[in-house]
Amino acid sequence: MKRLKTILAITAVTFSSALFANSLTITVTGYEQQPGTTMLEVHNNADHYANGNPPLASVMLSINSAQSTAKVTFHDLSPGDYAVRLFHDENGNKQMDSNVLGIPTESYGFSNNAGSFGPASFDDAKVTVANATTTQINLK
Amino acid sequence: MLSRRSFLQASMASAASLACTPALAKIITTSHPRSFVESVRELMFAQSSQDIAPSQLQTIGNWPSDLTGSLYRNGATLFKRGEQLQDHWFDGDGMIHGYKIANGKVTHQARYVKTDKFNKEHAAKQFLYAGAGTKRENLARVTNSDTVNTANTSIQKLGNRYFAMWEAGSAVEIDPDTLQTKGYVTLAPELKHMPFSAHPVQDGNGEWWNFGNVAAFGKPMAIIYHLDTKGQLKRYQMIDMPDSGYMHAFAVTQQYIVLLNTACKYTNRSTLFVENFEFQADNASQFVIVDKADLTVKKVIEIPSNFVFHFGGAYEENGEVVVNVSEYQNSDIMINDMYLNSDLSQGSLRQASYYTQYRLSVTSGQFKKIQSNWDVEFPQLDWQQSYQAQTTYTAGALSRKNLFAHALVSINADLSKAQYYDYGNDTIAEEPLLIRTQSGRKLVSQTFINLKDAMSGINLFEPEAIQNGPIASAINKQLILPGFHGCFSNA
């Protein structure tokens with residue numbers, strides 16, 4: 001997750017120069033007394049998603065120890081497919097830590113709650129945005 | 001149903017009241033014949049989720065006044081919450097029993113290991129997760145192996161730290177005085193949640209070795225850990241294994257680490273850990289011999305398919321690596337028999353685990369096998385005499401072939417002679433330990449559970465005269481569940 005914008009405690013993000021009526025609201029659930037920063041990316045390009053290229057948008061959500069959920073809304077999206085992925089950076093090193101087996105040691109998630117067996121593909125994670133679309137991501 | 005708390009209160013009130021505890025009477029004096037193991041099973045499902053407060057044990061016989069220290073034991077204990085039952089012996093939450101011994105007196109207390117799993121389930125008043133052998137829909141998020149870590153297999157002192165251990169996840173540090181849980185042990189950031197076996201082995205120089213079996217994570221690999229005398233990480237190494245065999249323990253010799261990749265192979269056919277293992281009788285088991293100096297595999301020696309949980313002593317002699325194991329013909333013990341509703345629990349016989357010696361040539365890859373007729377488990381020895389051929393002390397089965405041993409059996413170094421003390425068919429004999437008094441006198445301690453008389457405790461034996469029976473006992477007038485492994489510390 002590169003080129004993350006520093007937008008703390010953000011609840012709404014407007015980033016498109018063209019104005020559309022579509023929005024995507026993402027609710028992240030499953031925080032268990034895990035203060036830290038959730039790094040969240042929204043992609044609308046499957047190649048960028050697969051190759052780790054910059055996302056369409058990204059946010060950093062500051063999470064306190066009492067929080068169990070977080071919500072963010074992206075406004076003015078063009079209609080189409082979007083994939084969301086995130087990890088929760090508990091130790092502040094801005095990386096998703098993993099152990100020697102490559103198994104994440106920090107929480108993560110994908111839209112559609114995909115990625116039960118390794119990272120989710122764009123197709124598995126994609127959400128079709130039309131009008132006011134909502135999706136929930138449960139932390140893994 | 002018997003609860004541990006009510007039972008404890010009853011036991012403290014008077015010994016006579018013990019015999020009147022209704023549930024206990026049901027266990028012991030039922031008018032319907034029931035197998036011994038069925039009675040144990042009923043006891044297993046009667047355990048409370050509460051800790052056990054300190055109580056003083058009654059010492060009898062010639063209890064040594066200069067025996068000072070603490071005996072710790074760990075075992076799967078909590079198998080029932082509400083109406084939910086765990087199906088497999090692997091799935092009980094770990095409980096640490098601590099016996100403090102000083103001035104001829106012995107006190108006992110026990111606490112559950114407060115893993116994340118235990119704490120969440122205790123708060124929810126229900127089991128939330130599937131087990132190693134128990135099917136259940138996960139009602140809470142499973143993020144890593146430690147989410148379902150029961151820390152139920154062993155407790156060992158590494159340096160000045162006490163680790164309660166499972167095998168598929170982290171060790172959990174325990175306060176040796178209070179038995180309270182201090183937290184998960186992460187040896188290095190990149191080793192978080194990694195498998196750490198319940199059987200670390202101390203080297204002759206006081207350092208420690210352990211391994212983790214990565215088979216269940218989809219890779220035929222093992223991780224070797226090298227810890228210093230204080231239990232801090234010195235180095236680790238991932239090594240490739242021939243395939244994904246079950247490995248529970250291992251051995252260390254002067255030059256080598258010896259892993260046994262059993263013919264009980266991991267498949268990916270189930271969501272349950274135990275169900276994923278399949279014994280492949282036509283395939284070989286392999287001793288994988290790793291050089292301690294550079295942690296590379298020196299030799300892989302194939303042997304006919306077998307299954308092993310535990311190792312006895314190991315050493316090098318006349319150019320051979322000598323490894324002692326309690327060997328099963330196959331893995332029925334884990335895959336079938338340890339299910340609490342198995343036929344075995346109804347009284348059928350289990351397969352024997354014969355004490356067996358392998359002599360391995362690292363140069364030629366040849367091996368020799370010497371198998372005794374002693375059906376024993378939990379082999380222990382004098383760990384202060386690493387790498388020496390020596391007597392092994394075990395929990396054995398002489399006549400009753402259910403899951404539980406009923407004898408202390410000592411077997412000499414070449415497996416040619418043995419002594420035993422038979423507790424009889426009403427008693428479970430647990431893992432023995434070779435311990436020392438303050439003056440250096442050696443003793444063998446063995447915890448036991450006597451269902452007929454509704455008591456448990458510690459017996460002490462002269463190491464050279466096992467057959468003479470215990471020289472002293474510390475009697476706990478309450479039943480506790482049979483456990484797995486422990487340690488003794490003179491500190």
Side-chain angles (χ1 to χ4, degrees), chain A residues 1 26-40 61 63 65-71 84-121 125 135-140, chain B residues 115-117 119-121 123-124 128-129 137-149 168-171 183-196 211-226 233 235-241 244 266 268 271 295:
Chain A
M1 293 197 177
I26 302 157
T27 302
V28 184
T29 67
Y31 296 100
E32 296 177 347
Q33 297 179 322
Q34 294 172 275
T37 304
T38 293
M39 312 281 202
L40 185 150
L61 304 175
I63 306 299
S65 58
Q67 249 177 290
S68 60
T69 65
K71 185 181 286 189
V84 182
R85 62 186 174 195
L86 62 86
F87 77 94
H88 184 56
D89 184 18
E90 291 188 60
N91 61 6
N93 68 355
K94 295 182 170 54
Q95 296 177 357
M96 187 170 79
D97 296 331
S98 58
N99 65 21
V100 292
L101 295 179
I103 297 172
T105 55
E106 293 182 305
S107 300
Y108 63 96
F110 298 90
S111 42
N112 285 334
N113 290 311
S116 296
F117 303 98
S121 66
T135 188
Q136 179 173 310
I137 298 177
N138 304 324
L139 288 175
K140 297 181 189 298
Chain B
T115 59
D116 287 349
K117 172 186 179 296
N119 288 334
K120 285 181 182 174
E121 293 181 334
L128 298 173
Y129 306 101
E137 183 182 354
N138 289 319
L139 299 177
R141 181 161 56 104
V142 178
T143 56
N144 54 65
S145 57
D146 284 328
T147 304
V148 292
N149 186 344
S170 305
Y184 292 95
V185 177
T186 299
L187 295 168
E190 68 272 26
L191 299 179
K192 199 171 185 180
H193 311 311
M194 284 292 289
F196 190 80
F211 82 104
N213 190 356
V214 184
F217 295 86
K219 299 182 180 182
M221 301 182 80
I223 181 170
I224 304 290
Y225 303 96
H226 185 188
L233 182 71
R235 56 180 171 156
Y236 68 88
Q237 181 68 48
M238 299 290 297
I239 62 168
D240 291 322
M241 298 295 291
S244 298
Y266 187 81
N268 205 21
T271 56
L295 299 183

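Order of the sequence lines fixes the chain letters, A, B, ..., with proteins taken first and strands second; residue numbering starts at 1 for each chain. All of these numbers come straight from a predicted model, not from anything done at the bench.
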Participant: If we only count heavy atoms from C-beta on, is the B/Met194 to B/Met238 side-chain gap below 4.5 Å?
Facilitator: yes
Participant: Just give me the residue among A/Ile103, A/Leu139, A/Asn138 that pairs up with chain B most often, heavy atom to heavy atom, under 4.5 Å.
Facilitator: A/Leu139
Participant: With side chains defined as the heavy atoms from C-beta onward, is the minimum distance between B/Leu191 and B/Phe196 less than 4.5 Å?
Facilitator: no
Participant: Using non-hydrogen atoms only, which part of A/Thr105 is less than 4.5 Å away from chain B: side chain, backbone, both, or neither?
Facilitator: both
Participant: So, A/Gln67 side chain and A/Tyr31 main chain: donor-acceptor pair closer than 3.5 Å or not?
Facilitator: no
Participant: Considering only heavy atoms from C-beta outward, does the side chain of A/Asn113 approach that of A/Ile137 to under 4.5 Å?
Facilitator: yes
Participant: What part of B/Lys192 is in contact with chain A, defined as an atom under 4.5 angstrom from a non-hydrogen atom: side chain, backbone, both or neither?
Facilitator: both
Participant: Examine whether an atom of B/Val214 lies under 4.5 Å from a heavy atom of chain A, and if so say whether it belongs to the side chain, the backbone or both; otherwise answer neither.
Facilitator: side chain
